[in-house]
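Throughout, numbering of the chain's residues begins at 1 and tracks the sequence.
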Amino acid sequence: MTDLKFLQFQVTWMQLISPCFWEEVCIILQLGFVGIILLPLVQKIVSKTSRNIAAQASKDYPIVAKVSLSYRASIVCSSLMLCIHVLKLLMLLYSMNDTRCNSKLEAYSSEIVPVISWAVTIIVVCLVPKRKHIRFLWILRTWWAFSFFFSIISTVLDTYLKTEEHGYLKMIDYANFISLLPSFILLIISIRGKTGLIFIDSHNIAEPLLSGKTDKDSNKKRGSPYGKATLFQLITFSWLNQLFSVGIKKTLEEDDIPDVYVKDSAEFSSFAFDQNLKQVREKDGSKNPSIYKAIFLFIRKKAAINAMFAVISAGASYVGPYLIDDFVNFLAEKKTRDIKSGYVLALAFLGAKMVETIAQRQWIFGARQLGLRLRASLISCIYKKGLVLSSPSRQSHTSGEIINYMSVDIQRITDFIWYLNIIWMLPVQISLAIYILHTSLGLGSLAALAATLIVMSCNIPITRIQKRYQSKIMDAKDDRMKATSEVLRSMKTIKLQAWDSQFLHKLESLRKVEYKWLWKSLRLAATSAFIFWGSPTFISVVTFGACMLMGIQLTAGRVLSALATFRMLQDPIFNLPDLLSVIAQAKVSADRVASYLQEEEIQQEAVEHVPRDQTSFDVEVDNGKFSWDPESTNPTLNGVQLRVKRGMKVAICGAVGSGKSSLLSCILGEIEKLSGTVKVSGTKAYVPQSPWILTGNIRENILFGNPYDNNKYDRTVKACALTKDFELFACGDLTEIGERGINMSGGQKQRIQIARAVYQDADIYLLDDPFSAVDAHTGTQLFEDCLMGILKDKTVLYVTHQVEFLPAADIILVMQNGRITQAGTFDELLKQNIGFGNLVGAHKRALESVVTVENSSKTCQDLGSDGESDTDLTSNAQQLQQKHGSDRLHPQEITENGGKLVQDEEREKGSIGKEVYWSYITTVKGGFLIPIILLAQSSFQVLQIASNYWMAWASPPTSETEPTLGMKFVLLVYSLLAVGSSLCVLVRAMLVAVTGLWTAQTLFINMLHSVLRAPMAFFDSTPAGRILNRASTDQSVLDLEMASRLGWCAFSIIQLLGTIAVMSQVAWEVFVIFIPVTAICLWYQQYYIPTARELARLAGIQRAPILHHFAESLAGAEAIRAFDQENRFIKANLGLIDNHSRPWFHNVSAMEWLSFRLNLLSNFVFAFSLVVLVSLPDGIINPSIAGLAVTYGINLNVQQASVIWNICNAENKMISVERILQYSNLASESALEIEECRPHNNWPEVGTICFRNLEIRYAEHLPSVLKNISCTFPGRKKIGVVGRTGSGKSTLIQAIFRIVEPREGSIIIDNVDICKIGLHDLRSRLSIIPQDPTMFEGTVRGNLDPLVQYSDNEVWEALDKCQLGEIVRAKEEKLDATVIENGENWSVGQRQLFCLGRALLKKSSILVLDEATASVDSATDGVIQKIIDQEFKDRTVVTIAHRIHTVIDSDLILVLSDGRVAEFESPAKLLDREDSLFSKLIREYSMRSKTFQQLRKSA
């Protein structure tokens, strides 16, 4: 094939042998430029009107331009170019010998036209300030770029021809050299395109059009530049230019990023995917449609377009190897061939590269875009499913697992979308490769095909094993994330119980399991890397060996064409294992997501909604049978008969675990209905027993999506007793609430919940124990103002343990063992004297104890001060406030940031610090393995080049030439060099895997230790989603990607240097263009990095809110459904997805923007090198070596782009390291143990607690919460702590456990200053039963004794004492009975009893009870108090309580008010003083007793 067929076509091509060729080209192009420039000027002259208007405008508003450096440079360089061309014209007029052109007209014209062009250029540039141009005209920029490339080509050619003809350089040649500098500067200015001018009007008001300050109004209407882009902008990605111009001037903020295109929005994608699911459901007629079919329907159109681009790209990439043989033949036969055919070949190479570049960028971008759409739709789908999961389904998937589906699994499915195109490309690439080999090697191509198939078949077992490993990694990751989520949620309990070390060890052991599978997976990946890096070598040895056996002669052209083809084949062979691995991962993830989406949902038809005009009953349950576990033989509720008339108040009472909450759940439709009917008429509002508070401010929590009505809102706040609390907050109701309401007291959270329900103005109210967490005064106020006041006309069903709230009910239901055993009014039930009597009896005994104490204290007092009983604690608090002036209580939620506790996630700004890279590289043994990795890769590159060089050099240039060496020897040397290079790859791959995983493990352990040792304040102000995001997504990047990304940065640079070395050895002239092009590439990279880096950071930060919102929604799904707010929450989720999509989409688009430009520049370097090789005279270079240079040059665009791309990608991924390092150096709590200050083993013996001038504040910038507390709790006594909500009771308890450290003063227990001993020594010696009972997933035994310190007998004894023995014995597994996440398969009261069990086992000298019996009924409360009295009779017991009878028999009472000690005496002495706060509290409780008596009489 000496000539290609298409070269035989008649080509209209200028004769390159014409001595005036360059002059002709120059004249035509420059005249075109002048014509285009002058055309608009002529139009302006013709249009006088517009000119007059413009003149008038300039008079009215004179504009002054502040010139920039680039504008000055453009004028100076243009003037310099004009001077150079004037000088050249003068020299030409002086002597015609200075030009090769023999036509005087063309020679003179070639200098006159540039003089005119540059004169016009200067005029146009001078007009820029007048026209107020922000950017230089496109024609001007094109002209500057053309003049640079033209200057380079003409200078190089003239110089070469002069040296060839043994002439000497003249003045005109030196002028050409000088012109290169200004033309290069103008090229840079043309690429930037900005004038940099700042325009100032007559009033000196600057318009910094490029100063980076964006107009606030423009932020509101962001729009989507992608949606408005023209075809040219879509191809070149220039629709991103505006974003880059902002990003280079300032740090990008969220508002600077444009919106995504409508079709890329979450709402559009979610709707389309739902339609596809519906279509599949209808077509298959199944309840659970196949997710695979739905995904296929969703992606098919866009995927088909991407596939078309991918196939075009794959086809164009093989044009180069196809033409190499012809090119080498042309160089070998240059004497006999027309030079024109060489230039046409070069043009063909360039054309193919351009098509490949455009198609490749489009399919990669399209795949990313499709991945974005699929991710948005799947996240939305998972979220919607989470809101409707049935209780058994919810228990089988922990929130940690479901969050993993959303973060990790969906990422893997979208990764597959990118690899999907490789499926279409593989057959095209292999077919073309075999065709090219067949044209040059004949039957030898069959050997190549066989070798390729052998290598590919090696993938099958590797992929199978890799799939198994991936599945194991995901399972291990699920377990670790589940445990991490639980630990973060229960951090306060873990710290109070001194279980830090135990749970740290648990997380470390779970990580060890994950690490084991990660190491196996990475080791296998390293082995497969060795196989596939060695595959081109193996294929080439097999192919060349087969050719020798078949007698096919190997010429240099054939060998180089084959080598280029093998290098191209490397791509599909490389991609195949990745493809199979990604398919394996995606299959595992898709199956997991599919199984989750097919889980049972709550029964939509369980509750029948009846119009209000068709019935007088709001709630009807007829013969209802319900069960939380449908498999169980014992239903949760059985034989339920209930009819509630409109406006009735229904009280529900009963012992712990009797089914009270389940009864409300059956009305809500939450519990599975086995039989019977449930009818509801009207809207519902629900207050769950465990408060569910959303992150946000208080007002948002109360409004809950409803419009703000000032009067209605104020009435609601007043009725729910929140007015006083709002006064105490810095920002009132706009105060930010921490995650899960962590910075609010239990009472405040409960009242915010009640306010939310009241504001809904629903018809039916279901309240689950709403008074348990509030003090006596607030409870009464709530009952009177809210339940019997603002809700007096509403239907209310309320669960309560407080008997005083029962008489006012129209009907009372008594629950026992899942049945309504009694129903009637208060008096009717008392007369029946069955189970109800026990509950009332227990309450009466508690009341009598209070009344007795009160009466005994009043014997020597005047009883006539009844008027004072109306005054309450509030008035006293007001007096105290006036007394202390402005020194008001500021609880921990008040911060300087407008009431914000949870601050916006911290984000590093600017470039990623070198210390981040250095920390990562030197984490393992100071980075001693890094030089070995680089040496191995360099050795690989050197040996690979040497092997190819050897083949090119040793093979004869043409079939007629005899080989200088025997082909067997040539092949042997080639094989040895190639095997050596493959072994270097094995060493490198193994070392990268080892170093990467070792580093990831070290950084994970550092972060884990840092987070678990952080003070409680960190967890109060940091949403768990942020920590989980780092522990899952960012840690995944470190485990599986980071090391290889950084490695590839180095490897691609080494590859590029190798390619340049080969090319420059043949044609050093390549450096003339390569150096400026490299400079432009580096400039592009510097221009790209600031924008891309901030986009990647913003994308990382915007991921956490999606997970956080999802976790919150899962926790409150019951409430969301009860309020019919599903649509609002789904919409909020879509908004959060779009917030993440915006930076992510623009980040991947920015990568394509950069890649496209780098590819173009690389293509021009390659084309220039081809032109140089064609233009060089015959005999200057060896055609075989020139062919080798072209073989390497074909991949130059890919390599040059991959260097920049890898550096940028590594920097983006390095953000994950930066984020993990942020949480690896957190401020730590004090030491767990201090060796020199360890207390003796039986400390504390007596249990005396002494407070000396104690002052506590939650942060330096906040006022003190406890002020000058000085008092002593005597040992072995019972101390009650009382006070209004927010008075500092819980803070005092936290201070004893050093959850918050004293700012001043000290706490001394048995003569030991607790601040001087280790935290573990302190907390492990004290016991606490906290207000919010916490249980961990596992077993009953594991929850009572996680440290395994006690025998089974001791555990059973504790269970019996805390009233749980019988319940646990009834379970099949006994002590190994299951506890699910959050302990949700046990009632709140039972969870509280478990916490008591822990304290009974611990047998500490000091026991703290923080509202410990708030969630249990009076009878159980009485039993617990008895147990505490017996078990802790000679111990110090500190009790915070809202039920006065629990502290009335204490030895001492501490009354706190406004963070100060208001009173500290025995109950009797305090009651002696009429004006004491405690007296008023007792009177209030007594009044409730009288009200209780009156209500009973009136009933």
Side-chain angles (χ1 to χ4, degrees), residues 451-452 454-455 458-459 462 519 522-544 563-564 566-571 573-578 921 924-925 927-954 970-999 1041-1063 1065 1188 1191-1192 1195 1198-1199 1202-1203 1206 1210:
T452 304
I454 289 167
V455 171
C458 291
N459 283 300
I462 288 174
W519 170 232
L522 287 170
R523 194 171 57 197
L524 189 65
T527 311
S528 59
F530 161 65
I531 294 168
F532 298 110
W533 273 97
S535 61
T537 306
F538 170 71
I539 296 167
S540 55
V541 169
V542 169
T543 308
F544 295 152
L563 285 175
F566 296 147
R567 283 166 72 89
M568 301 302 284
L569 259 180
Q570 207 172 5
D571 215 25
I573 292 172
F574 269 163
N575 285 333
L576 187 66
D578 282 350
I921 290 168
V924 173
K925 304 288 183 188
F928 83 100
L929 289 171
I930 308 298
I932 303 169
I933 293 169
L934 293 175
L935 180 66
Q937 180 65 22
S938 303
S939 305
F940 161 74
Q941 192 65 29
V942 169
L943 289 170
Q944 198 188 42
I945 290 171
S947 63
N948 291 342
Y949 198 94
W950 168 256
M951 281 303 285
W953 177 80
V970 170
L971 204 57
L972 177 67
V973 172
Y974 175 73
S975 304
L976 290 172
L977 288 169
V979 168
S981 71
S982 299
L983 289 172
C984 289
V985 168
L986 181 63
V987 172
R988 185 261 290 166
M990 280 296 181
L991 286 177
V992 167
V994 169
T995 313
L997 191 55
W998 195 349
T999 304
E1041 291 185 66
M1042 196 64 243
S1044 59
R1045 293 282 184 217
L1046 265 186
W1048 270 108
C1049 282
F1051 308 154
S1052 54
I1053 290 168
I1054 291 166
Q1055 271 190 314
L1056 181 65
L1057 292 174
T1059 301
I1060 296 302
V1062 171
M1063 290 177 72
Q1065 195 191 2
L1188 180 68
T1191 306
Y1192 272 85
N1195 285 340
V1198 178
Q1199 287 176 357
S1202 75
V1203 168
N1206 281 319

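Here the OG-CG distance, from Ser981 to Leu976, works out to 11.0 Å after rounding to the nearest 0.5 Å. Going from atom OG of Ser982 over to atom CG of Leu986 covers 9.5 Å, rounded to the nearest 0.5 Å. Note that the CG atom of Leu1046 and the CD1 atom of Ile921 stand 6.0 Å from one another [nearest 0.5 Å]. One distance of note links CG of Leu943 with CG of Leu983; it measures 9.5 Å at 0.5 Å rounding. In this structure, OG on Ser975 lies 11.0 Å from CZ on Phe538, to the nearest 0.5 angstrom. To the nearest 0.5 Å, atom CG of residue Leu522 and atom CE of residue Met990 are 10.0 Å apart.
Counting all heavy atoms, side chain and backbone alike, Ala936 lies closest to Cys984 at O-CB, 3.3 Å. Listed here is the closest heavy atom pair of Leu977 and Trp950: CD1-CB, 4.5 Å. What you find for Ser540 and Tyr974 is that their closest heavy atoms are OG-OH, 2.8 Å. Here the shortest heavy-atom pairing between Ser939 and Leu935 reads OG-O, 2.7 Å. Of all heavy-atom pairs between Gly1058 and Ile945, the closest is CA-CD1, 3.5 Å. Counting all heavy atoms, side chain and backbone alike, Ala1210 lies closest to Met1042 at O-CE, 3.7 Å.
A donor-acceptor pair is defined here as one N or O able to donate and one able to accept, closer than 3.5 Å; no such pair exists between the side chain of Thr995 and the backbone of Val992.
Applying the salt bridge (Lys or Arg N to Asp or Glu O under 4.0 Å) rule to pairs touching residues 524-542 yields nothing, sequence neighbours excluded.
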Practice item. Could you check Ile462 against Thr527 for side-chain contact (heavy atoms from CB on, under 4.5 Å), going step by step and ending with a plain yes or no? Key: CA-CA 9 Å; Ile462 288 174; Thr527 311; 5.7 Å; no

Check your understanding: Between Phe940 and Ile1054, is a side-chain contact (heavy atoms from CB on, under 4.5 Å) present by the stated rule, with each step listed?
Key -> CA-CA 10 Å; Phe940 161 74; Ile1054 291 166; over 6 Å; no

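Taking the centre and axis of the six-membered ring of Phe1051, the NZ or CZ atom of Arg988 falls inside the cone set by 45° and 6.0 Å.
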